[in-house]
Amino acid sequence: TVGAVAVDQEGNVASATSTGGMTNKRYNRIGDTPIIGSGTYANNHTCAISCTGHGEFFIRAVVAYDVSCLMEYKGYTLQKACEEVVLKKLVKFGGEGGLIAVTPSAEVALVFNSEGMYRASKSAGEETLVAIYKE
Amino acid sequence: MHKTAIAIHGGAGTITQANLSPEQDKAYRAALKKAVEAGHQVLERGGSALDAVELAVVHLEDSPLFNAGRGSVFTKEGKHEMDASIMCGKTLEAGALAGVRSIKNPVKLARAIMEHSDHVMLSGYGAEEFALSYGLEFAPEAYFFDRYRYEQWSEVRDSDIFMLDHTAQRDEKFG
């Protein structure tokens with residue numbers, strides 16, 4: 001699975017996710033990627049999110065929207081909301097994976113509970129970050 | 001003017017340094033850097049967040065290193081089925097698709113569904129028909145073939161095991 005989140009000069013956020021699914025899948029299984037709210041979500045009031053991992057767990061936990069809700073209704077910061085969902089809630093479900101997120105104020109979060117996540121980010125005026133493992 | 005930012009991912013799982021050779025590590029990092037910087041250039045030029053995420057994902061879809069687009073893994077039938085979605089935070093409009101084959105860049109189809117249909121999510125043949133009507137690019141089966149993906153699939157094709165592309169295979173084979 002691949003994905004991207006961004007905030008532009010007008011403060012608008014957007015997210016996109018794309019996947020080839022799981023190796024040897026059948027029955028026309030689909031994961032969380034195309035399901036708005038589970039694997040992909042964007043809202044200018046909170047953040048934009050793209051998820052990756054074992055999709056069934058992301059669907060059950062409604063991961064992307066849950067992060068947005070924690071920010072909107074409970075006033076969590078982006079990082080806190082992402083960690084609450086990925087490192088606590090999702091782990092209880094047994095779900096492996098992670099997410100990337102950005103707020104309209106250009107705060108970025110790259111959170112995962114697996115051993116690694118291919119990831120990169122770039123903010124205006126800053127160096128490009130590229131990472132794979134828990135570095 | 002707001003500060004711009006973009007982040008991308010190329011999948012998660014049991015990624016350890018033992019799983020990747022130095023050459024593979026270098027290739028992944030280069031592909032990630034290229035995609036994120038392409039997306040950020042859109043933002044720096046005043047482009048929209050939607051354009052930036054679409055372009056970044058297209059770069060990742062075009063790379064055989066990642067499980068999407070060209071690098072999509074094999075299904076039980078030895079085919080490639082792809083899903084994608086896109087969402088705009090300003091309007092809350094969204095476009096999504098599931099189970100398409102032969103679409104070169106599924107994220108472009110998601111964008112087309114968001115902008116040109118009254119629906120949020122299309123699937124299978126219908127989504128491909130929609131793609132055809134909007135002139136989106138198709139690719140032959142050979143475009144999606146990757147030796148490494150094929151070998152991954154070959155190891156589990158005769159079993160009920162399915163797995164994330166970046167996750168090391170568990171010892172769950174049964175006689």
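All chains are named by letter (A, B, ...) in the order of the sequence lines, taking the proteins before the strands, and each is independently numbered beginning at 1.
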In Å and rounded to the nearest 0.5 Å, what is the OG to NZ distance from Ser48(B) to Lys90(B)?
10.0 Å
Counting heavy-atom pairs under 4.5 Å to chain B, which of Ser114(A), Gly21(A), Ala42(A) comes out on top?
Ala42(A)
Under 4.0 Å between a side-chain nitrogen and a carboxylate oxygen: does that hold for Arg29(A) and Glu56(A)?
yes
Given Ile100(A), which of Val5(A), Thr52(A), Ile49(A) fulfils the side chain to side chain contact (heavy atoms under 4.5 Å, CB included) condition?
Val5(A)
For a salt bridge (Lys or Arg N to Asp or Glu O under 4.0 Å) check, start with the C-alpha distance between Lys3(B) and Glu126(A), then their side-chain angles and the critical distance, and finish with the verdict.
CA-CA 11 Å; Lys3(B) 182 179 179 182; Glu126(A) 296 178 18; 2.7 Å; yes
Looking at residues at least two apart in the chain, or sitting in another chain, which of them share a ring-ring contact (aromatic ring centres under 6.0 Å, His included) with Tyr150(B)?
Phe74(B), Phe145(B), Trp153(B)
Okay, Val108(A) and chain B: the region with an atom under 4.5 Å from a heavy atom over there is side chain
Out of curiosity, does Leu99(A) fall in the hydrophobic cluster containing Ile35(A) (side-chain heavy atoms, cut-off under 4.5 Å, transitive links)?
no
How would you list all residue pairs meeting ring pair (Phe, Tyr, Trp, His ring centres under 6.0 Å) that involve residues 88-135 of chain A, not counting sequence neighbours?
Tyr118(A)-Tyr28(B), Tyr118(A)-His166(B)
Going only through I, L, V, M, F, W and Y residues with side-chain contacts under 4.5 Å, is there a path from Val111(A) to Val63(A)?
yes
Under 4.5 Å from any heavy atom of chain A, what part of Leu97(B) do you find: side chain, backbone, both or neither?
backbone
As an exercise: rank Val100(B), Leu55(B), Val57(B), Val73(B) by heavy-atom pairs under 4.5 Å with chain A and give me the winner.
Val73(B)
Quick one: do Arg26(A) and Asp160(B) satisfy salt bridge (Lys or Arg N to Asp or Glu O under 4.0 Å)? Show the steps, please.
CA-CA 9 Å; Arg26(A) 55 181 169 174; Asp160(B) 291 329; 2.8 Å; yes
For the candidates Ala106(A), Ser15(A), Pro104(A), which exhibits the highest count of non-hydrogen atom pairs separated by less than 4.5 Å from chain B?
Ser15(A)
I'd like to know which of Leu65(B), Leu43(B), Val42(B) tops the heavy-atom pair count under 4.5 Å against chain A.
Leu43(B)
Most heavy-atom pairs under 4.5 angstrom with chain A, which of Lys79(B), Met87(B), Met1(B)?
Met87(B)
Going by distance alone, is a donor N or O of one side chain under 3.5 Å from an acceptor N or O of the other, for Glu61(B) and Ser18(A)?
yes
Given that the side chain runs from C-beta out, which part of His80(B) has a heavy atom under 4.5 Å from chain A: side chain, backbone, both or neither?
neither
Among Thr19(A), Leu129(A), Thr46(A), residue most engaged with chain B (heavy-atom pairs, under 4.5 Å)
Thr19(A)
Tabulate, in ascending numerical order, the residues of residues 101-132 of chain B having at least one heavy atom closer than 4.5 Å to a heavy atom of chain A, or enter 'none'.
Pro106(B), Val107(B), Val120(B), Met121(B)
Taking atom types as modelled, is there a side-chain donor on Glu37(B) or Gln41(B) under 3.5 Å from an acceptor on the other?
no
Indicate yes or no for a side-chain donor-acceptor contact from Asp146(B) to the backbone of Gly71(B) under 3.5 Å, with no hydrogens or angles considered.
no
Pair count under 4.5 Å, heavy atoms only, with chain A: among Ala84(B), Gly39(B), Ala98(B), highest is Ala84(B)
Only pairs of heavy atoms separated by less than 4.5 Å count here; which of Gly78(B), Ala96(B), Ser72(B), Gly10(B) has the most with chain A?
Gly10(B)
Portion of Leu110(A) that has a non-hydrogen atom of chain B nearer than 4.5 angstrom:
side chain
Salt bridge (Lys or Arg N to Asp or Glu O under 4.0 Å) assessment of Lys80(A) paired with Glu84(A):
CA-CA 6 Å; Lys80(A) 185 179 179 184; Glu84(A) 179 72 27; over 6 Å; no
Hey, which of Thr103(A), Val13(A), Ile132(A) has the most heavy atom pairs under 4.5 Å with chain B?
Ile132(A)
Is Glu107(A) close to chain B through its backbone or its side chain, or both, or neither, when contacts mean heavy atoms under 4.5 Å?
neither
Contact origin within Cys51(A) toward chain B - heavy atom pairs under 4.5 Å:
backbone
Mind ranking Val130(A), Thr17(A), Thr23(A), Thr128(A) by heavy-atom pairs under 4.5 Å with chain B and telling me who comes out on top?
Thr23(A)
Taking Lys122(A) first and then Glu44(B), would you say they form a salt bridge - that is, a charged N and a carboxylate O separated by under 4.0 Å?
no
Output all residues satisfying salt bridge (charged side-chain N to carboxylate O under 4.0 Å, His left out) with Arg60(A), sequence neighbours left out; order by chain, then residue number.
none
Could you have a look at Gly97(A), Ala48(A), Ser50(A), Gly31(A) and say which one has the most heavy-atom pairs with chain B under 4.5 angstrom?
Ser50(A)
Quick one: which of Ala49(B), Ala68(B), Cys88(B) has the most heavy-atom pairs under 4.5 Å with chain A, could you say?
Ala49(B)
